[in-house]
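Working notes, beginning with the structure itself.
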Amino acid sequence: MQFTELQEKLVQNLVRYGKKHKITIDEDFALFKLFEEVGELSQAILTDRKKSRPVKHVSKEESKKQVAAELADVLGMVVVIAHLMDIDLEDALDKKWINKEK
Ligand SMILES: [Mg+2]
């Protein structure tokens, strides 16, 4: 799957979510949702490292699934924010991470 196709699917998914729950999907929503997802990722990693309350502890396999799911949520929101702000994220990644401009 190409990046643009992935981005379109992620955006369409969030638009459906917005319609279903009567939430306006705009830059403010996406940014605060990203913060929420980063918090959930932190919680999942703390659980994975057994640095949370013991009642939250799960198997290593399950905690890895939880971390993966939250990483996906964080990345998804970043991709949506790029779309909403009309930023070519693939190009930005290339310039910033791959072919770093000097
Ligand atoms: Mg989440």
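In what follows, residues are counted from 1 in the order of the sequence shown. Atoms within each ligand, like the ligands themselves, are counted from 1 in listed order.
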Inset, instruction - Please work out the angle at the Mg ion (ligand 1) defined by atom OD2 of Asp73 on one side and atom OE1 of Glu37 on the other, rounded to 10°. - result: 90°
Inset, instruction - Answer yes or no: are there more than 12 heavy-atom neighbours, outside Lys50 itself, under 6.0 Å from its atom NZ? - result: yes
Legend entry - Under 3.5 Å: donor-acceptor pair, side chain of Lys19, backbone of Thr24: no
Inset, instruction - Kindly give the atom name of the N, O or S atom of Glu70 closest to the Mg ion (ligand 1). - result: OE1
Inset, instruction - Please determine if Glu36 and Lys33 form a salt bridge, counting it only when a charged side-chain N lies under 4.0 Å from a carboxylate O. - result: yes
Inset, instruction - May I ask you to check if any N/O/S atom from Glu40 comes under 2.8 Å of the Mg ion (ligand 1)? - result: yes
Legend entry - Exam field: side chain Gln7 to backbone Val79, donor-acceptor pair closer than 3.5 Å: yes
